[in-house]
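Working notes, beginning with the structure itself.
In what follows, chains are A, B, ... by sequence order, proteins preceding strands, each numbered from 1. All heavy atoms count here, side chains included; hydrogens, waters and symmetry mates do not.
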There are 2 protein chains.
Amino acid sequence: MKIGELAARTGVSLRSLRYYEEQGLLTPIRLENGYREYSPLAEEQVQTIQLYLQLGLTTDQIAGFLHCVLKNKEAFCKEVLPIYREKLGEIETQIQLLSNIKRNLEDRIQSILEEQKETEE
Amino acid sequence: MKIGELAARTGVSLRSLRYYEEQGLLTPIRLENGYREYSPLAEEQVQTIQLYLQLGLTTDQIAGFLHCVLKNKEAFCKEVLPIYREKLGEIETQIQLLSNIKRNLEDRIQSILEEQKETEE
DNA sequence: ATATACCCTCACATTAATGTGAAGGTCAAG
DNA sequence: CTTGACCTTCACATTAATGTGAGGGTATAT
């Protein structure tokens, strides 16, 4: 299938599909006229790529294990686990940071409200 | 004081101090030779700016209420509360998103570990 | 042959604060 | 008058995936 059809089937933009190719995640063959020709399997591959992107992995990281997970279960791809753990660590750090800010903001909002209450009296 | 001294006192880079001026957060006067001359109050102002930046506010948002909070308590600056609430909402959304990813990652890690255990047997 | 609906590549824009470096003026001490 | 430590402005780079648009080729139906 050509790129337009793959985009329609997957909901991923032409731009992104070409970008995935540039990043080595997708390698359609080229027709004589230069058009990309995707195998039927590409549809599933794109969905897999999307899944990993939604986990916050970069195309670089995905490229490191994609060809493996497309053929095997994740558990058989030794590159996956360390990347998951690394990402999990980042996420936890980020949540911690945001939680601190959240508490700070809540305290400040509370202070303002109390101050305003006093002034009303 | 000149920019180098202010940078040394506050730990904020020259680049950032100039950027704050560009964003309207800091307005040193200019000496005849073109050098920026900061009032002694600038040190505290910079610390205030840093505080708001650390809450995740943009220079645009800070510019909206900075001149007020430098003179009054936050509670008297009506622009502050809505901005805090907006930011709080963003933070909560972000935490929610990250928490979903976190759970997803944890599940996947768990699955991999269990699968590997089975394979070992 | 022309319209239309595809496809191609290349390249700039997006966000926000900060880093970095070039090219050059100012000032004080020697 | 030179050195060194300041200061100035300007401008490009950083991150990552995606949007957008120009300029142009291809294929099919009329």
Nearest to the side chain of [X] - [options]?
X	options	answer
B:Ser13	C:dA17, D:dA17, C:dG19	C:dG19
B:Ile3	C:dT9, D:dG19, D:dC7	D:dC7
A:Lys2	D:dT18, C:dT18, C:dC7	C:dC7
A:Thr59	D:dA17, D:dT8, C:dT9	D:dA17
A:Leu53	C:dC8, C:dT18, D:dA17	D:dA17
A:Arg15	C:dA11, D:dA16, C:dA17	C:dA11

Would you state whether a donor and an acceptor, one from the side chain of B:Tyr35 and one from the base of C:dG25, lie under 3.5 Å apart?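 It does, because a donor-acceptor pair links the side chain of B:Tyr35 to the base of C:dG25 below 3.5 Å.
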
Under-3.5 Å donor-acceptor pair between A:Arg18 side chain and C:dT9 base: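 Under the 3.5 Å cut-off, the side chain and the base do not form any donor-acceptor pair.
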
Between B:Gln50 and B:Asn33, which has a closest nucleotide on DNA chain C that is more 5'?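 The residue closer to the strand's 5' end, by nearest nucleotide, is B:Gln50.
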
Whole Å only: how far is the [atom1] atom of [X] from the [atom2] atom of [N]?
X	N	atom1	atom2	result
A:Gln23	D:dT18	CD	C1'	12 Å
B:Leu55	C:dA17	CG	P	13 Å
B:Leu57	C:dA17	CG	C1'	14 Å
A:Lys87	D:dA16	NZ	P	10 Å
A:Arg30	C:dC8	CZ	P	6 Å
B:Glu22	D:dT9	CD	P	10 Å
A:Leu6	C:dC6	CG	C1'	15 Å
B:Gln61	C:dT15	CD	P	14 Å

Kindly compute the distance separating CD1 (A:Ile101) from CD1 (B:Ile95), expressed to the nearest 0.5 Å.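 The distance works out to 8.5 Å.
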
Side chains of A:Glu74 and A:Tyr84 only: does a donor on one sit below 3.5 Å from an acceptor on the other?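 On atom types as modelled, these side chains qualify, holding a pair under 3.5 Å.
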
Residues A:Gln96 and A:Glu92: side-chain donor-acceptor under 3.5 angstrom: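 Absent: no donor and acceptor within the cut-off.
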
A:Glu90 and A:Lys87: salt bridge (Lys or Arg N to Asp or Glu O under 4.0 Å), yes or no, with the steps? CA-CA 5 Å; A:Glu90 289 170 18; A:Lys87 190 69 201 176; 3.2 Å; yes

For [N], take OP1 and OP2 only and decide whether either is under 4.0 Å from a side-chain N or O of [X].
X	N	answer
A:Ser16	D:dA17	no
A:Arg36	C:dT9	yes
B:Tyr19	C:dA17	yes

Pick the C1' atom in D:dT15 and in C:dG19, then give their distance to the nearest Å.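 Each nucleotide's C1' atom is 14 Å from the other's.
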
Go through the steps to decide whether A:Glu22 and A:Arg36 satisfy the test salt bridge (Lys or Arg N to Asp or Glu O under 4.0 Å), and finish with yes or no. CA-CA 13 Å; A:Glu22 192 182 309; A:Arg36 291 168 176 83; over 6 Å; no

Is it possible for you to say whether B:Leu14 and B:Leu26 belong to one hydrophobic cluster, with membership spreading through side-chain heavy-atom contacts below 4.5 Å?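 In one cluster with B:Leu14: B:Leu26, yes.
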
